[in-house]
Structure formats: C-alpha cells, structure tokens
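Notes for the one structure printed next.
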Amino acid sequence: MGQLCGRCLQLLRDFVAMVQRTSAELLHNIKECLILISSCSCLKQSSSKGRQLYKPILQPHERATAQEFLQHIQTGFKMSPLGKDTLEALRTLAFSENPALQQSAALYYLHMSQHMNVPLPVEHLEPFYALLRSADLEVQQMSSLSLVNFLLERNIDKELVVQMGLLEPILELLESGDPTVQCNSCACTMTLAISESNQEAIGAAQGITPLLALANSYDPRVQQNAVGAILNLTQSEKIQQVLCKEGALPILTLLLESADSEVQYYSCTALSNMAANAQHHPAMLRTGDRFLLRALVSLLSSSVDKQVSSQACVCLRNLATSADTQAEIVAHNVLPKLLSLLASGNKDVRCAAVALLWILCQHPRNQDALTCAELLQSLGMLLAAHKMDPVIVGHTACIIQNLSLSKNRQRIVESPCVEGLLQTMLSTDIQEDSLHYVTSCLAELAKQEGATLHMVQWMDEPLTKCLLRLAGQLERTEPSFQAASVIQHMIGHEKMMLLLKCHVKEIQAYLKNFLTHQEIRFQQLGISTFCRLQEDPEFSLAFRKSQMTKLLEQVRQQTEETQELLRAANCHADS
C-alpha cells in the first residue's frame, strides 16, 4: 500500500483537530445541560429518577468484589460456579447501582447457562430480579437470554421461576423498546406457559395484551416467540376466554397468511386448540366474514411446511362440528388438496388429512361430491400401505362405509377399497376399534349382491380362516358378529362354499355359540346361517352328525316358551 503525501497528511491532522474541538464542545454542553436539569426541583421529588442523572459511586466492597469476580472470570471459572462465595458476589454485583458491575453478573449467568448441565439452585434465582429490572440495556439482554437458556435446558423449574417473583419483570420487558430484549422475554414467557399453573399466572399478571401486540412485531424473532407464547396459553380453557376478549382471534387469523411458516404453524395450532372448544366456533367463523375457513383451506396446499398443512387439517376438523360448516368446507374445493395430502410422504400429514375427510363425509350432502375415482384409489392405497396403523385404518374404513351410503356404491365396489379392507383383516396387530370399523364396513358392503360377488373374487384360504377366526372370538363382540355376517352373505357362491367346506368344525363351533348367545341378533344370525348352509348336502350331513339340529330344536322350544310368556304378559296388561 502507498504512503500519504504531505498535503493529505495535513488534511487528516486538521480533521482530527476539528473532531477533538467539536467533541470537547459537545461534551461540555452535555455536562452543562445535565447540571441544569439536576438542579431543578422536579427531580428532588423522587430519588429513583435522580439516580439516572449521576454516575453511581463504586463502593469499596463492590470494587473488591468486582476485581475478584473479574479475575475469577478471566482465569476460566476455576472456582465453583455454584459456590456460596460466588452467590454472594453475584448478589453484590446484581443489586449494585453500577451498570458495569451488573453486566459482570449478567455475563456470568450467561456463561453458566451455556455450559452448565446441572440444576440451578433456588438461591441463584434471586439476583435475576435485580438484573431483569436493570436500567442497562446490555444487562437486560444478557440476563433475559441466560434465563431462556436455563429454562430450555431445564436447569430451572418453571413453576419456581414464577414463585420467586420473576414473572413480573419478565412481562415488563415485553414492553421494552429493544427487539433483543423483547425476543428473550417472549421466549421466557413461551417456555413458562407450558405449565398449567403458569398459564393462569400469566393471564392474571396482564401478560396477554403485550403478547398480542408483539404478535404483530416487524421483527421475525419477536413475532415467532410471541405467537409461540400465545399458542402455549391456548392450552388453558380459562385463558382462551381471556384471549377472545382481548381480540386474539382476528390477530391469529391474519397471521395464517404470514410469510413465516413458523408463525403460520403457531397461529394455526393456537386456533386449533381454541376450535376444540365448540363455544368459540361462532366467533371464529364470524371473523373477517368467515375468512378463517378460506385461509385454512388455502393452507392445506402449503408448499413451504407440511406441518402447517397438517395443523390446518386439524383446525378444520375441530371446526367442522355442524353440517353447514362441513358443507361449506367441501364447497371451497377442498378435495384436490386433501388428495394431495393423502399422497404425502409424511405420515402425520396423511393421518390429519384422512381424519378431516372422515368428518366431512359424515354429512350426506357431501358424500356424492366426495366420491370420485381418485379418492377411492387413494383410500385403497392407504389401506394397503398402512395395515397396522390404527388411525389410518379406522378412519379409512369409516370413510368407505359413509361413502357406500351414497348412490355411488357401485364405484366403491369396483375400486381397490374392498381388497384393501379384506387384506387389512389379516394384520394380527390391528387394534380392536380399527378391526370393528373394518368388519362393520365389509358387512355393510356385503348386503349388496354386487359387492358380495366382488368380495368372493378376492377370497382365499387365509382370508377364509381369518373371517372364521374372528367369528369364533365372542370376546370381540362386534368384529365377531360382523365377520359372521360377511360369511352369511357369501354363502351360496360356489367358490366360497368350497373354501368353507374345509372348515366345517370351525363353522359348527361358532354357530353353537351364536345359537346359545344371550343377544337375539346373534341367535337370528346363527339360525339364518344354519338354514343357508343346510341347503348344501355336505353341510346338512355334518350338522346331523354333530347334533346341531337338536340344538336348533332347543332354541325353538325356548323361543316358543318366550312367546307364550309374552302373550300372557300382554293379556294381563290389557285386562
């Protein structure tokens, strides 16, 4: 690099001299101004205001403590970080009027919060009260950040923070003019709000209003943490009422269109929590002329974050408690978006989408609109890919059964849905509720001859064994009855009869149980099945050998006795 010439050097010297003169004059003017202000009688009314107008005097014990403490920091924290001497030093520095000393204490806590892996003793929370209320911005920034770190690393009990009186200074910092302090205080509040008792404490301390204000902050970090805190607060039904009164619904609804996917997710989840309580539905649907439903349907096709799409499904599902709302959601062209989510590689997204679809297809007006080849194909693929997932299997079976009530039942019969339902039964890990939904759907479909023919085509030895096993498990009441009902409808078809003839003993066993069952529907199904099988010579012979006809006679006699008693009871009642 070249050297400056004499002329340039002289110009620089003149500039420096000018700056020095200007600085000296500015400093003198500032001092004169402060002297005039400090001599005014208005400042003598409050000692707390006067403190800001002079440089705090460093007391001898504070000077010694500061020197030892700084030496302690410089030597790499060789002393015990949680020892008694350290705590006393921190108290001295934190409660000092000198910002530099408070900064030392705040810096120490920040270091501990980043490196400590043991719980912070209760006594060490005391200095935080002074640090959080410090007039020094750097102290506020460091102390609030260290408290966030301690809370996130679970080095501090959340309820204890509130019990120690730290909630008030934390909430006061929400109204700071510094984005960093606001961000940290929002993060503290968000973490504290996980606790049920803390949620009510935050509401009682008037913490909701500043959080709602910061939810509209231009600083993305502040906005994320503020909305995250509101989300945690919506876990309390009592605080939900406060949020509604404070105008949270329009704010959260507008945030659904935020460019920040994190803010979208938090606001959508908060609305989902509130929508779980039906008393909020009228207010939620009125917001922005029913803008909420349109915004949620739009989020279903979010290309940024599938978690947002998933949570939008949950919120719509919670809102869709009435037939009118269900019809309105379908009218917003929701089906193509749901089809896309059903094909998602994210399991949570698929579960959320199928749960929403289950709600929507319960309304008869929606069933014809939702029944299309693409949806039926997707449902069949879901059953094939998730045979052991109780949520997907159960909801999918319910969807198919609801859609089968429409005029498009034949399309369902010809789709992969029937094969998917039959194959799902072979899963040994399928849960009781899901198994009930699957067998119930198959039994409903089997009532139609066209569906029965289609089901017989898919029947083989493993499926036949499975149906007979379920029919024989009377401890599983509903799956047992529905499986026997499916068998009864398929009797008479040549392929099915050939398969059943290999399991005569199993058939006789479950028929005996049905004929002697306490519930009349089981007896009637047993008798109906017996009559249809007896038309086949092989079954008829097998029934005679096993004395099934005698058992049937006993049932007939019991039925006649019951009828006589009923006639006598009716005559007595008439007289």
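When reading the values below, keep in mind they use all heavy atoms of this one structure, side chains included, and skip hydrogens, waters and symmetry mates. Each residue takes its place number in the sequence, starting with 1.
- His332 NE2 to Leu293 CG: the interatomic distance, rounded to the nearest 0.5 Å, is 5.5 Å.
- A salt bridge links Lys347 to Asp389: at least one charged side-chain nitrogen sits closer than 4.0 Å to a carboxylate oxygen.
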### Task
Mind running side chain to side chain donor-acceptor pair (under 3.5 Å) on Ser176 and Gln182 for me, showing each step along the way?
CA-CA 6 Å; Ser176 167; Gln182 290 178 334; 5.7 Å; no
### Task
With salt bridge (Lys or Arg N to Asp or Glu O under 4.0 Å) as the test, would you mind laying out the steps for Arg365 and Asp324 before giving the verdict?
CA-CA 10 Å; Arg365 277 192 294 169; Asp324 289 340; 3.5 Å; yes
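- Side-chain contact check for Ser143 and Ser146: no donor-acceptor pair (N or O, by modelled atom type) lies under 3.5 Å.
- Put simply, CG on Asn225 and OG1 on Thr189 are 9.0 Å apart, with the number rounded to the nearest 0.5 Å.
- Leu335 is not listed as a side-chain neighbour of Val330, based on a closest heavy-atom distance of 4.5 Å or more.
- Looking at Leu147 and Leu132, their side chains come closer than 4.5 Å, going by heavy atoms from C-beta outward.
- Arg286 has its side chain within reach of Pro282: a pair of non-hydrogen atoms, C-beta onward, lies under 4.5 Å apart.
- The number of heavy-atom neighbours closer than 6.0 Å to CD of Gln114, taken from other residues, nucleotides and ligands shown, is above 12.
- Once rounded to the nearest 0.5 Å, the distance linking CG of Leu271 with CG of Asn318 reads 10.5 Å.
- Note that CZ of Arg294 is 13.0 Å distant from CD1 of Ile329, once rounded to the nearest 0.5 Å.
- Counted by atom type alone, Gln264 and Ser258 present zero donor-acceptor pairs between their side chains at under 3.5 Å.
- Within the 4.5 Å cutoff, the side chain of Met142 has no heavy atoms near those of the Leu145 side chain.
- No side-chain heavy atom of Asn184 sits under 4.5 Å from any side-chain heavy atom of Leu173.
- A side chain to side chain donor-acceptor pair (under 3.5 Å) with Ser195 holds for exactly one of Lys158, Glu159, Glu200; it is Glu159.
- Here the side chain of Ser96 pairs no donor or acceptor atom with the backbone of Thr92 at under 3.5 angstrom.
- Within 6.0 Å of CE in Met164 there are more than 12 heavy atoms belonging to other residues, nucleotides or ligands.
- In this model, no donor atom of one side chain and acceptor atom of the other lie less than 3.5 Å apart for Asp260 and Gln223.
- Put simply, CG on Leu243 and NZ on Lys245 are 11.5 Å apart, with the number rounded to the nearest 0.5 Å.
- Atom OG1 of Thr269 is separated from atom CD of Gln235 by 10.5 Å, given to the nearest 0.5 angstrom.
- With hydrogens and angles left out, the side-chain atoms of Gln240 and Thr234 include no donor and acceptor closer than 3.5 Å.
- With contacts defined as side-chain heavy-atom distances shorter than 4.5 Å, the pair Leu338/Leu375 does not qualify.
- Salt bridge Glu168/Arg133: present, at least one basic N to carboxylate O contact under 4.0 Å.
- Taking the six-membered ring where tryptophan is involved, the planes of Trp358 and His395 are tilted, since the angle between them lies from 30° to 60°.
- By the 30° and 60° cut-offs, the orientation of the rings of Phe128 relative to Tyr109 is tilted.
- No side-chain donor-acceptor contact under 3.5 Å links Ser340 to the backbone of Pro336.
- Taking 4.5 Å as the limit, every side-chain heavy atom of Ser113 sits out of range of all side-chain heavy atoms of Asn155.
- Remark: the backbone N or O of Lys306 is not paired with any side-chain donor or acceptor of Ser310 at under 3.5 angstrom.
- Side chain to side chain, Gln141 and Asp178 meet the donor-acceptor criterion of an N or O pair below 3.5 Å.
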### Task
Please lay out, stage by stage, how Leu249 and Leu292 fare under the test side chain to side chain contact (heavy atoms under 4.5 Å, CB included).
CA-CA 10 Å; Leu249 290 177; Leu292 178 58; over 6 Å; no
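- Between His386 and Arg350, the closest side-chain pair of non-hydrogen atoms falls below 4.5 Å.
- Side chains of Ser272 and Gln311: a donor-acceptor N/O pair is present below 3.5 angstrom, by distance only.
- Looking only at distances, no side-chain donor or acceptor of Thr396 sits under 3.5 Å from a matching main-chain atom of Leu382.
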